[in-house]
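Here is the structure we will look at.
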Amino acid sequence: MIVLDGLSPVRVVALTAESFDDGRTDVPSGVAGPVERVVVVGAGIAGLTVANALTHAGVECVVLEARDRIGGRLHTVDLAGSPVDLGGSWIHMPTGNPMSAFARQIGVPRRNADPEPEMAGFDCAEGRRLSAAETEELLGLYGEVFPEAAGALVAALGPDASAADGIEAFVAGAGLAPGPARRARQMLYAVIEAESADLAERQSLRWMWNELEYGGNYLGDVPEGGYRRLTEAMATGIDVRLGVEVTEVVTSAGGVRVRGADGCSEKGSHVMVTVPLGVLKRGAPRFSPGLPPDRLAAIGRLGFGRFEKVALRFDEPFWRAEGFPHMMVFPRDPGEWMVWVMGLDAFGAGPVLVFFVFHSAAGRVLDQGRDDAVRWALGMLAEAIGRPCPEPVAVAVTSWSADPYAGGAYTHITPAASPADADLLGEPVGGRLLFAGEHTQSARLAYADGALTSGIREAKRLLGRSSVHIGPVAADQVPGERGK
């Protein structure tokens with residue numbers, strides 16, 4: 001049974017499948033023996049995609065998920081009637097993006113969700129709202145000026161420079177007055193932490209903007225009703241077992257055995273492990289035989305940090321009347337970074353404000369408890385609008401870093417690592433053990449669509465095809481005993 005977290009069931013528009021590839025026409029190699037039954041560990045978008053494609057191709061598979069829900073770090077909740085994504089929320093760069101293509105295929109509309117045209121800024125240190133020109137300049141700094149300067153900064157600072165090294169050199173050379181210089185640092189450190197889910201000191205400057213780019217705005221679209229509509233459609237017709245925490249993966253020349261914490265055991269010809277990098281970093285699940293030293297080294301080098309959200313649902317979107325549809329809040333302390341606050345009413349999700357809590361500020365959410373996190377958010381908002389805020393009618397506060405099945409937010413490349421580390425984690429081990437997830441490829445590291453395409457890549461590998469079919473699965477398409 002698939003649990004929907006209290007949300008209404010997804011209405012699948014059409015039981016049709018379409019052909020997808022992972023952006024490449026090759027057929028990945030490295031599979032040993034015939035593919036007869038695949039055990040998939042993890043029901044995030046990567047695992048569901050693999051299972052969906054295999055099921056369409058007539059290959060029996062089962063998905064084992066430790067949580068009582070599907071989706072992994074794509075997690076939509078109902079907040080007093082408003083769908084709120086507590087993990088991934090945007091389809092970044094939506095034009096040509098396979099996630100957009102999948103949403104279109106299953107009939108899920110997408111809304112433009114670029115906040116920049118309505119973005120406002122407030123500087124707590126100066127106690128004032130920033131002018132439109134100041135806000136625009138800061139957005140340009142983050143979106144264009146600093147990324148365009150990165151190449152020259154790497155040449156000057158060396159290939160092992162961190163993003164923090166780059167920020168300090170950039171601001172020092174910009175000739176800014178004290179106030180603008182402070183805001184520039186607060187802005188740049190914040191957006192690096194947003195994109196990396198870690199400290200700027202632990203993000204490689206050289207590899208900061210290395211990913212493949214699709215078309216459209218970076219902060220592009222959101223699926224109406226949240227990402228759960230996409231994950232539920234991908235899971236339709238798939239054999240998903242919830243509440244099964246996989247503790248051991250055993251591989252041999254003849255097949256695989258996957259064991260759960262409750263004593264259950266599943267056999268297969270192959271196993272597909274899609275747990276996040278944060279889980280692999282803590283040594284879970286146990287592999288027998290153990291992972292090769294080069295894989296363990298890559299897992300250690302790549303970064304996986306913190307990124308939390310505080311979502312507040314109100315009766316009315318009072319912030320819009322105050323002139324703050326979305327806002328960048330610059331803290332009083334120059335050593336604290338800018339905070340994004342997004343009004344989801346602008347994207348059709350109702351009167352909800354979401355505070356994006358980047359790595360260095362995540363302790364406010366993780367260490368102080370839910371009530372303190374809400375007070376912190378409301379205090380920041382009250383300072384910006386100049387009066388006390390109404391009490392929210394519903395609240396959601398994330399704890400991805402404390403979640404044993406996530407271990408954090410998403411992957412980044414540290415100064416000691418390279419994109420090759422992520423690509424190595426996508427290679428099979430011994431022909432029976434395979435991996436998928438956003439951390440197993442460098443083209444779209446950290447993106448939900450990167451997890452999707454990694455699942456397509458591994459389905460191609462298992463099926464020996466240059467493309468695969470994905471889409472909701474009808475009951476008569478399910479192979480094995482469930483389809484009889």
Does a side-chain heavy-atom distance below 4.5 Å link Leu138 with Phe330? yes
Answer with yes or no after comparing the ring centroid distance for Phe356 and Trp340 against a 6.0 Å cut-off, counting only values under it. no
Smallest heavy-atom separation, Ala161 atom then Leu157 atom, equals CB-CB, 3.7 Å
Looking only at heavy atoms, which two atoms of Leu425 and Thr440 are closest? And how far apart? O-CG2, 3.8 Å
Derivation and outcome, side chain to side chain contact (heavy atoms under 4.5 Å, CB included), residues Thr76 and Glu232: CA-CA 11 Å; Thr76 311; Glu232 289 293 335; over 6 Å; no
Candidates Gln203, Arg306, His412 - the one meeting side chain to side chain donor-acceptor pair (under 3.5 Å) with Asp198: His412
Worked check of side chain to side chain contact (heavy atoms under 4.5 Å, CB included) between Ile167 and Phe146: CA-CA 8 Å; Ile167 291 171; Phe146 184 63; 3.8 Å; yes
So Phe324 and Leu381, do their side chains get closer than 4.5 Å, heavy atoms only? no
State, with a plain yes or no, whether a side-chain heavy atom of Glu116 is found less than 4.5 Å away from one of Tyr142. yes
If you compare all heavy atoms of Asn52 against all heavy atoms of Pro472, which two are closest, and at what distance to 0.1 Å? ND2-N, 4.3 Å
Any idea which heavy atoms bring Ser442 and Asn210 closest together, and the distance? O-ND2, 4.3 Å
Run the numbers on Glu193 and Ser360 for side-chain hydrogen bond (donor to acceptor under 3.5 Å, both in side chains), then give the verdict. CA-CA 8 Å; Glu193 289 194 10; Ser360 61; 3.1 Å; yes
Would you confirm whether the ring centroid of Phe307 sits within less than 6.0 angstrom of the ring centroid of Phe358? yes
Would you confirm whether the ring centroid of Tyr410 sits within less than 6.0 angstrom of the ring centroid of Trp400? no
How close do Leu205 and Gly166 get, counting heavy atoms only, and between which atoms? CD2-CA, 3.9 Å
Does a side-chain heavy-atom distance below 4.5 Å link Glu211 with His92? no
Does Arg128 reach the side chain of Glu134, with side-chain heavy atoms less than 4.5 Å apart? yes
Only distances under 3.5 Å count here; give the side-chain donor-acceptor pairs of residues 212-223 to other protein atoms, sequence neighbours excluded, each with its distance to 0.1 Å.
residue, atom, partner, partner atom, Å
Asn217, ND2, Asp114, OD2, 3.1
Asp221, OD2, Arg110, NH1, 2.6

Name the orientation class of the two ring planes belonging to Phe314 and Phe318 (parallel below 30°, tilted from 30 to 60°, perpendicular beyond 60°). perpendicular
With a cut-off of 6.0 Å (strictly less than), are more than 12 heavy atoms of other residues, nucleotides or ligands near CD of Glu137? no
N-O pairing of Glu118 and Arg320 below 4.0 Å: yes
For Pro276 against Ala406, the heavy-atom pair lying closest together: CB-O, 3.8 Å
Report yes if the side chains of Arg202 and His359 come closer than 4.5 Å at any heavy-atom pair, otherwise no. yes
Taking atom types as modelled, is there a side-chain donor on Glu201 or Ser162 under 3.5 Å from an acceptor on the other? no
Short N-O contact, Glu336 and Arg183, less than 4.0 angstrom: no
Separation between CZ of Phe347 and CG of Asp85, rounded to the nearest 0.5 Å: 12.0 Å
